[in-house]
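Quick caveat: nothing in here was measured; it's all calculated off a predicted structure. Here is how names work: the chains are called A, B, and so on, in the same order as the sequence lines, proteins then strands, and each is numbered from 1.
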Number of protein chains: 2
Amino acid sequence: MPRATLHQRHDSLERALQLFWRKGFHATSLKDLERALDMRPGSIYATFGSKDRLFQEALERYARLALAELERTLNAHDSPLTGLAAYLRRLGGLCDQELPNRACMLVKSLLELGEREQAAWRKAEELLAGMEKRFIDRFSAAQQVGELDSRLDPSRLGRRLQAEVIGLRAFAQRDVDSAVVHDLAEDMALSLEALRIDAVSFSQ
Amino acid sequence: MPRATLHQRHDSLERALQLFWRKGFHATSLKDLERALDMRPGSIYATFGSKDRLFQEALERYARLALAELERTLNAHDSPLTGLAAYLRRLGGLCDQELPNRACMLVKSLLELGEREQAAWRKAEELLAGMEKRFIDRFSAAQQVGELDSRLDPSRLGRRLQAEVIGLRAFAQRDVDSAVVHDLAEDMALSLEALRIDAVSFSQ
DNA sequence: GATAAAATTGAGCGATCGCTCAAATTGTTG
DNA sequence: CAACAATTTGAGCGATCGCTCAATTTTATC
């Protein structure tokens with residue numbers, strides 16, 4: 001019955017992801033994981049190898065899901081710039097959803113992990129680079145479609161957007177009203193849309 | 001000899017700050033602190049109470065120094081907007097300095113700490129609110145000086161700037177070239193200066 | 001230099017950490 | 001059902017965690 005086994009593995013990984021995302025790597029103990037996965041230490045180690053490797057698998061799953069959602073939002077809009085703006089506005093609803101954490105798990109890991117957890121740190125860095133690449137691609141596409149000044153640098157715009165997303169989500173982790181986060185996301189989205197080549201330019 | 005004692009306390013706190021900033025709260029053990037402060041556990045507890053309270057004192061010291069540096073940069077410029085832009089450009093040099101960490105310690109703490117460290121979490125939140133307030137004040141000042149459209153909301157601009165700073169510094173924690181961070185900061189600074197009411201508007 | 005007060009020491013506490021492995025259980029065959 | 005393989009169990013390992021406190025050393029005062 002490999003189906004059931006695989007399903008169980010996915011389910012366990014999802015639970016581990018939720019826990020790691022919420023509490024971070026260091027604050028999540030194996031006792032916590034045993035409880036969340038309803039598995040005894042031996043099974044956890046037989047299935048995932050170590051706490052470190054389980055965390056890395058959780059990171060990969062997180063990034064895969066996050067990238068898929070980004071893709072879904074982008075594909076829902078013909079215009080690349082509109083798609084990216086829609087992604088920002090979607091993040092504006094962070095406080096309304098029930099998530100383990102409003103901040104990006106990759107960023108949490110990037111900031112929390114040190115040299116002792118080098119492998120996991122590199123994984124987070126690599127996955128963030130993948131997100132950045134996706135942003136850059138969209139800005140390049142926007143240029144090819146003619147909605148973005150061809151003299152602008154898609155790489156700089158992509159990294160700027162990633163920094164905005166990181167900032168928005170980390171800011172949302174603060175003790176602030178949901179409306180404030182919505183407004184912040186809206187302001188970011190408007191700035192992005194102001195790049196549209198034929199757009200009427202407003203100050204904000 | 002209260003002078004020497006106080007000086008020693010400041011020095012110890014500074015060392016603790018460096019360590020906590022670099023490694024985070026959970027990854028910093030008391031053994032690490034004993035080594036860094038050259039103090040035995042008893043002395044540490046007699047002086048600072050607990051690991052948690054020592055961390056909170058380090059947070060406060062960090063915020064005080066960070067606010068002082070912000071103030072210094074702002075005061076070096078007559079124009080509020082120019083001062084804020086200069087602060088962003090200053091952060092662009094993050095990778096060139098030798099710091100315990102490129103990310104803001106308050107943000108690292110905000111993302112790392114959970115309900116078990118509620119007091120420290122609230123401290124970080126409170127100190128971040130102080131930084132936000134300072135940004136908002138400057139945007140208000142910019143309006144009063146007449147270099148910023150009075151219809152814009154200083155609170156939204158201040159929070160947006162804080163999100164940018166958070167994003168810039170967290171992004172700088174990635175494995176990227178120094179030049180990339182400089183460019184990112186420059187782009188953010190240009191966007192901010194583009195708010196100037198009499199500025200000639202460029203796309204980037 | 002004697003004495004009291006203050007500060008520092010460091011062995012070691014109980015708890016928890018990540019993790020192992022012999023034993024028990026479960027699942028798969030003929 | 002017997003026999004074997006695959007999986008899970010959970011007691012408990014050595015290490016480390018944050019922290020305490022009796023003993024010691026240092027400092028301040030006369």
Side-chain angles (χ1 to χ4, degrees), chain A residues 1-13 15-17 19-59 109 112-121 123, chain B residues 1-59 109 112-121 123:
Chain A
M1 230 205 294
R3 267 298 173 74
T5 309
L6 262 182
H7 177 273
Q8 278 171 28
R9 195 182 196 280
H10 274 96
D11 188 63
S12 298
L13 188 55
R15 290 171 194 269
L17 160 57
L19 202 56
F20 276 131
W21 187 6
R22 180 159 59 88
K23 303 189 62 171
F25 178 77
H26 287 114
T28 301
S29 74
L30 260 133
K31 291 287 173 201
D32 294 331
L33 288 166
E34 289 173 39
R35 214 174 303 121
L37 310 194
D38 190 27
M39 288 170 80
R40 263 38 65 192
S43 289
I44 296 179
Y45 279 81
T47 310
F48 297 106
S50 68
K51 184 191 175 187
D52 198 84
R53 278 203 267 163
L54 173 54
F55 182 77
Q56 289 178 52
E57 279 204 54
L59 271 186
S109 304
E112 182 192 356
L113 301 180
E115 294 176 6
R116 292 184 75 95
E117 307 88 13
Q118 215 176 20
W121 188 89
K123 183 72 72 181
Chain B
M1 225 207 292
R3 268 297 173 75
T5 308
L6 261 183
H7 177 273
Q8 280 171 25
R9 195 182 196 281
H10 275 95
D11 188 63
S12 297
L13 188 54
E14 173 61 25
R15 290 171 194 269
L17 160 58
Q18 303 270 333
L19 201 56
F20 277 132
W21 187 5
R22 180 159 60 86
K23 303 188 63 172
F25 178 77
H26 288 115
T28 301
S29 73
L30 260 132
K31 292 285 174 203
D32 294 331
L33 288 165
E34 289 173 39
R35 215 174 302 121
L37 311 194
D38 191 27
M39 288 169 83
R40 261 39 64 192
S43 290
I44 296 180
Y45 280 81
T47 310
F48 297 107
S50 68
K51 183 191 176 187
D52 198 82
R53 279 203 265 162
L54 172 55
F55 183 77
Q56 289 178 51
E57 278 204 53
L59 271 187
S109 305
E112 183 193 356
L113 302 180
E115 294 176 8
R116 292 185 75 95
E117 306 88 16
Q118 214 176 20
W121 189 88
K123 183 72 74 184

Here the distance between atom P of dG18(C) and atom CG of D52(A), to the nearest Å, is 11 Å

Specify the separation, in whole Å, of atom CZ of F48(A) and atom P of dG18(C). 16 Å

If you take any heavy atom closer than 4.0 Å to DNA chain C, which residues from residues 15-33 of chain B end up in contact? none

Salt bridge (Lys or Arg N to Asp or Glu O under 4.0 Å) partners for R116(B), two or more places apart: none

So which of residues 36-47 of chain A are in contact with DNA chain D, with a heavy-atom cut-off of under 4.0 Å? R40(A), P41(A), G42(A), S43(A)

Separation of E34(A) atom CD from dC19(C) atom C1', in whole Å? 10 Å

pair K51(B)-F20(B): side-chain heavy atoms closer than 4.5 Å: yes

For F25(A), the ring-ring contact (aromatic ring centres under 6.0 Å, His included) test, sequence neighbours excluded, returns F55(A)

Are T47(B) and S12(B) close enough that some pair of their side-chain heavy atoms sits under 4.5 Å apart? no

4.5 Å side-chain heavy-atom contact, K31(B) and R35(B): yes

What is the separation between atom CZ on F55(A) and atom C1' on dG18(C), rounded to the nearest whole Å? 16 Å

Let me know the distance between NZ of K51(A) and C1' of dT20(C), rounded to the nearest Å. 17 Å

Here the distance between atom P of dG18(C) and atom CZ of R53(A), to the nearest Å, is 16 Å

Give a yes-or-no answer on whether the side chains of E112(A) and H26(B) include a donor-acceptor pair shorter than 3.5 Å. no

Under the side-chain hydrogen bond (donor to acceptor under 3.5 Å, both in side chains) test, which residues partner R15(A), sequence neighbours left out? D11(A)

For E57(A), enumerate each residue passing the salt bridge (Lys or Arg N to Asp or Glu O under 4.0 Å) test, keeping only those at least two apart in sequence or located in another chain. R9(A)

